[in-house]
Enquirer: 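Handing you a structure now.
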Amino acid sequence: MENKTAVQRAEQEQAKRTLEKQERRINELDAIIQRLYEDHVMGKLNAERFAKLSEGYEKEQADLKQSVGNLRAIVNAAETQAVNVKSFLKIVKKYTEPTELTPAILREFVEKVVVHAPDKSSGHRVQRIDVHYTFIL
């Protein structure tokens with residue numbers, strides 16, 4: 001479980017780094033497109049060149065926005081799964097390291113208890129008790 005969690009944590013960190021990188025690039029593209037527009041308005045770029053450059057940057061930005069959405073979903077899913085794993089382990093630990101034996105724990109882990117008749121033949125009272133655990137034959 002720890003190995004799987006470590007691998008998932010590494011993948012999540014990689015996704016976060018990629019997400020940050022792509023978000024920075026989206027902001028850079030906004031600035032580039034704005035400068036292109038200003039250059040076009042000022043007459044430094046002709047209409048054909050402006051259209052070609054802006055189309056390429058717009059396409060790259062749209063692709064990045066889609067990728068950012070996918071990465072955010074991956075990161076959120078990984079964070080949710082990490083919380084779920086921690087909650088699950090907390091519950092498992094509660095049952096594997098119980099501080100007291102409660103009726104709920106007994107019902108969950110013990111199928112039946114068989115108490116045999118006492119035997120006094122040896123001079124001492126001896127009574128056999130069989131505990132049948134759930135899922136264990």
Side-chain angles (χ1 to χ4, degrees):
M1 190 78 142
E2 288 176 9
N3 290 338
K4 184 177 180 183
T5 304
V7 168
Q8 288 176 339
R9 196 176 310 120
E11 289 174 355
Q12 181 181 6
E13 290 301 317
Q14 177 64 33
K16 282 182 179 180
R17 283 191 298 276
T18 304
L19 179 64
E20 290 171 4
K21 185 179 177 182
Q22 289 182 354
E23 286 176 336
R24 278 194 308 273
R25 180 63 181 160
I26 288 172
N27 291 333
E28 289 172 5
L29 287 172
D30 279 337
I32 290 170
I33 292 169
Q34 183 177 354
R35 283 192 304 263
L36 272 177
Y37 178 75
E38 290 171 357
D39 287 348
H40 175 65
V41 169
M42 295 174 79
K44 294 181 182 177
L45 282 175
N46 64 27
E48 183 182 331
R49 187 71 175 153
F50 170 74
K52 188 174 186 177
L53 288 172
S54 66
E55 180 183 335
Y57 287 130
E58 293 284 348
K59 183 182 181 324
E60 181 183 356
Q61 192 174 41
D63 292 344
L64 285 172
K65 284 182 180 180
Q66 182 180 2
S67 177
V68 162
N70 293 339
L71 285 172
R72 277 197 182 121
I74 290 169
V75 168
N76 290 340
E79 288 172 352
T80 301
Q81 187 175 9
V83 169
N84 290 345
V85 167
K86 286 179 184 177
S87 299
F88 175 76
L89 290 176
K90 185 177 178 183
I91 291 169
V92 168
K93 187 173 183 179
K94 181 174 82 173
Y95 285 115
T96 58
E97 298 174 11
T99 55
E100 64 181 33
L101 190 59
T102 64
I105 293 173
L106 279 174
R107 280 191 293 277
E108 220 165 325
F109 288 108
V110 177
E111 182 179 336
K112 66 181 175 179
V113 176
V114 178
V115 180
H116 297 276
D119 180 22
K120 297 181 187 173
S121 62
S122 65
H124 297 292
R125 181 172 190 224
V126 178
Q127 191 164 10
R128 189 172 137 210
I129 299 175
D130 295 330
V131 178
H132 297 267
Y133 295 99
T134 308
F135 306 117
I136 298 176
L137 301 176

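Keep in mind the model is a prediction, meaning the values are calculated, not measured. Side chains are part of it too, since the values below use all heavy atoms of this structure and drop only hydrogens, waters and symmetry mates. One-based numbering along the sequence shown.
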Enquirer: Counting only heavy atoms not in E55 (residues, nucleotides, ligands), do more than 12 fall under 6.0 Å from its CD?
Expert: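 Atom CD in E55 is not crowded, with 12 or fewer foreign heavy atoms closer than 6.0 Å.
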
Enquirer: Compare all side-chain heavy atoms of E60 with those of D63 and state whether any distance is below 4.5 angstrom.
Expert: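 No - every pair of side-chain heavy atoms lies 4.5 Å or more apart.
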
Enquirer: Should N76 and E79 count as side-chain neighbours, where that means a heavy-atom distance under 4.5 Å?
Expert: yes

Enquirer: Atom CG in L71, atom CD in E20: separation rounded to 0.5 Å?
Expert: 11.0 Å

Enquirer: CG/D119 to NE2/H124 distance, rounded to the nearest 0.5 angstrom?
Expert: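 Answer for the CG-NE2 pair, D119 versus H124, is 12.0 Å.
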
Enquirer: Hey, what do you get for NZ (K120) to CD (Q127), rounding to the nearest 0.5 Å?
Expert: 10.0 Å

Enquirer: Return the OH to CD distance between Y57 and E28, rounded to the nearest 0.5 Å.
Expert: 10.5 Å

Enquirer: Is the count of non-hydrogen atoms from other residues, nucleotides or ligands lying under 6.0 Å from H116 atom NE2 greater than 12?
Expert: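 Yes, the 6.0 Å shell around NE2 holds more than 12 heavy atoms from other groups.
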
Enquirer: We want to know whether R25 and Q22 form a side-chain donor-acceptor pair, criterion being a heavy-atom distance below 3.5 angstrom.
Expert: no

Enquirer: How many angstroms lie between CG in L29 and NZ in K59, if you round to the nearest 0.5 Å?
Expert: 12.5 Å

Enquirer: Applying the 4.5 Å side-chain criterion to the ILVMFWY set and letting contacts propagate, would V131 and V115 be lumped into a single cluster?
Expert: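 Yes, one cluster joins them.
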
Enquirer: Passes side chain to side chain contact (heavy atoms under 4.5 Å, CB included), R35 versus I32? Steps please.
Expert: CA-CA 5 Å; R35 283 192 304 263; I32 290 170; 3.4 Å; yes

Enquirer: Heavy-atom distance under 4.5 Å between the side chains of V114 and R128, does that happen here?
Expert: no

Enquirer: Any idea which heavy atoms bring Q61 and I26 closest together, and the distance?
Expert: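 So the minimum-distance heavy-atom pair works out to NE2-O, 3.2 Å.
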
Enquirer: Does CZ in R49 sit with more than 12 non-hydrogen atoms of other residues, nucleotides or ligands closer than 6.0 Å?
Expert: no

Enquirer: What's the verdict on side-chain hydrogen bond (donor to acceptor under 3.5 Å, both in side chains) for Q12 and R9, showing C-alpha distance, side-chain angles and the deciding distance?
Expert: CA-CA 5 Å; Q12 181 181 6; R9 196 176 310 120; over 6 Å; no

Enquirer: If Ile, Leu, Val, Met, Phe, Trp and Tyr residues are connected whenever their side-chain heavy atoms lie under 4.5 Å apart, and connections chain through other members, are M42 and Y37 in the same group?
Expert: no

Enquirer: Of L36, D39, V41, which is the lone residue that meets side-chain contact (heavy atoms from CB on, under 4.5 Å) with F50?
Expert: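 Only one option passes, and that is L36.
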
